[in-house]
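In what follows, a structure is listed as structure tokens, so that the remarks can point back to it.
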Amino acid sequence: MTKILSVGGSIIAPDKPDSDFLSKFVKMCSQWLDSDKNNRLILVAGGGAPARVYQNGLKETCEKTGFTFDANAADWIGIMATRLNAQLLKASFGDYCKNDVVYNPTEENLSFDGQVLVASGWKPGFSTDTDAVYLGEKFDGKTIVNLSNIEKVYTDDPRKNPDAKPLDTISWADFRKMVGDEWTPGKNCPFDPIASKKASELGMKVICAGGKNIENIKAILEDKDYIGTTIG
């Protein structure tokens, strides 16, 4: 069984690498992998705080110089942050991960020799959520678990709207109305618009859940009751 975890950069490195979280996460995943040698995990690392800090640095520099802010360049900065986080994840899983970090999920001859495969961002135009969808398509993963700093998808941004309500389930049609069709670098939404379009076309299921709740992630991997929002 292959499961895909899209691990938000804000979970891996909120301001610096969270070794306490990473150690618990790796131990829990290792136990799940050891419970059945057919179990495999694809982990896609987000950029998180390092990406946004450097993207904001570019924006501020452009404002001070009068040069035009280049969205494409900002996306590349975010991608480099995901590569750093992905290398950290790969190293943390040791012998479980036998292949190099995947930079291009559409590469024809991708190998998946161990029980863990780690991927980073690929190219401008979308977030690592889209990379996760491509890898799910390639390695027959029907469910993507999107781990971030929110436990559920809300009807609106709860930081701005106190009446926003958490959702247990939502259809792709309704979710795509919420997130729209456009991607901008650093866009903060539960699952990016480009990934959402492709996942809905492929008939995939996406579970959005809190990334810090190790027991809840374990429940998702074991197909037990969990806290989160199911999109599908």
Side-chain angles (χ1 to χ4, degrees), residues 1-9 11 39-47 51 71-72 74-76 78-79 82-83 86 99 101-112 116-148 150-157 166-211 217 220-221 223 226 228-232:
M1 181 186 294
T2 301
K3 301 223 172 175
I4 305 150
L5 300 182
S6 184
V7 190
I11 306 302
N39 284 348
R40 303 197 301 176
L41 279 177
I42 297 172
L43 304 173
V44 186
N72 193 65
D75 246 349
W76 274 116
I79 288 162
T82 71
R83 290 184 179 183
N99 302 100
V101 169
V102 175
Y103 290 163
N104 178 355
T106 64
E107 202 175 297
E108 274 188 33
N109 301 315
L110 279 183
S111 297
F112 191 169
V116 174
L117 185 68
V118 178
S120 70
W122 173 25
K123 63 180 183 178
F126 40 76
S127 78
T128 48
D129 295 340
T130 301
D131 301 303
V133 174
Y134 274 109
L135 288 165
E137 182 181 24
K138 193 170 208 59
F139 292 109
D140 199 31
K142 304 295 185 193
T143 301
I144 296 171
V145 185
N146 197 43
L147 302 173
S148 69
I150 60 164
E151 279 204 331
K152 289 189 178 186
V153 174
Y154 280 73
T155 50
D156 196 4
D157 188 340
L167 299 165
D168 291 327
T169 59
I170 184 171
S171 69
W172 275 121
D174 288 341
F175 182 77
R176 290 188 59 205
K177 280 179 198 165
M178 283 171 55
V179 298
D181 295 317
E182 298 290 318
W183 165 254
T184 52
K187 181 167 181 164
N188 206 355
C189 58
F191 204 68
D192 96 48
I194 311 303
S196 297
K197 182 175 187 292
K198 188 166 179 63
S200 64
E201 288 168 353
L202 291 169
M204 285 182 172
K205 178 170 76 175
V206 170
I207 297 168
C208 294
I217 301 169
I220 294 171
L221 290 177
D223 295 319
Y226 59 85
T229 301
T230 304
I231 311 169

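Only a predicted model underlies this, so the values are computations on that prediction, with no experimental measurement involved.
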Check whether any side-chain heavy atom of [X] lies under 4.5 Å from a side-chain heavy atom of [Y], and answer yes or no.
| X | Y | result |
| --- | --- | --- |
| Phe175 | Pro190 | yes |
| Met1 | Asp223 | yes |
| Leu221 | Val145 | no |

Using modelled atom types only, decide if a donor and an acceptor are shared between the side chain of [X] and the backbone of [Y] within a distance under 3.5 Å.
| X | Y | result |
| --- | --- | --- |
| Asp129 | Ala195 | no |
| Trp172 | Glu201 | no |
| Lys205 | Gly232 | no |

Of Ile42, Val206, Ile231, the residue whose pairing with Ile144 passes side-chain contact (heavy atoms from CB on, under 4.5 Å):
Val206

Knowing that exactly one of Val153, Val133, Thr229, Val179 qualifies, which makes a side-chain contact (heavy atoms from CB on, under 4.5 Å) with Phe191?
Val133

Knowing that exactly one of Thr130, Asn146, Thr128 qualifies, which makes a side-chain hydrogen bond (donor to acceptor under 3.5 Å, both in side chains) with Asp192?
Thr130

Quick check on the 6.0 Å ring-centre criterion: do Phe139 and Phe112 meet it?
yes

Do other residues, nucleotides or ligands put more than 12 heavy atoms under 6.0 Å from the NZ atom of Lys197?
no

Let me see the working for Leu135 and Leu110 under side-chain contact (heavy atoms from CB on, under 4.5 Å), right down to the final yes or no.
CA-CA 10 Å; Leu135 288 165; Leu110 279 183; 4.0 Å; yes

Worked check of side-chain contact (heavy atoms from CB on, under 4.5 Å) between Leu167 and Lys152
CA-CA 6 Å; Leu167 299 165; Lys152 289 189 178 186; over 6 Å; no

Heavy atoms of Ile4 and Gly136 approach each other most closely as CD1-CA, 3.2 Å

Salt bridge or not between Arg40 and Asp140? Use side-chain N to carboxylate O under 4.0 Å.
no

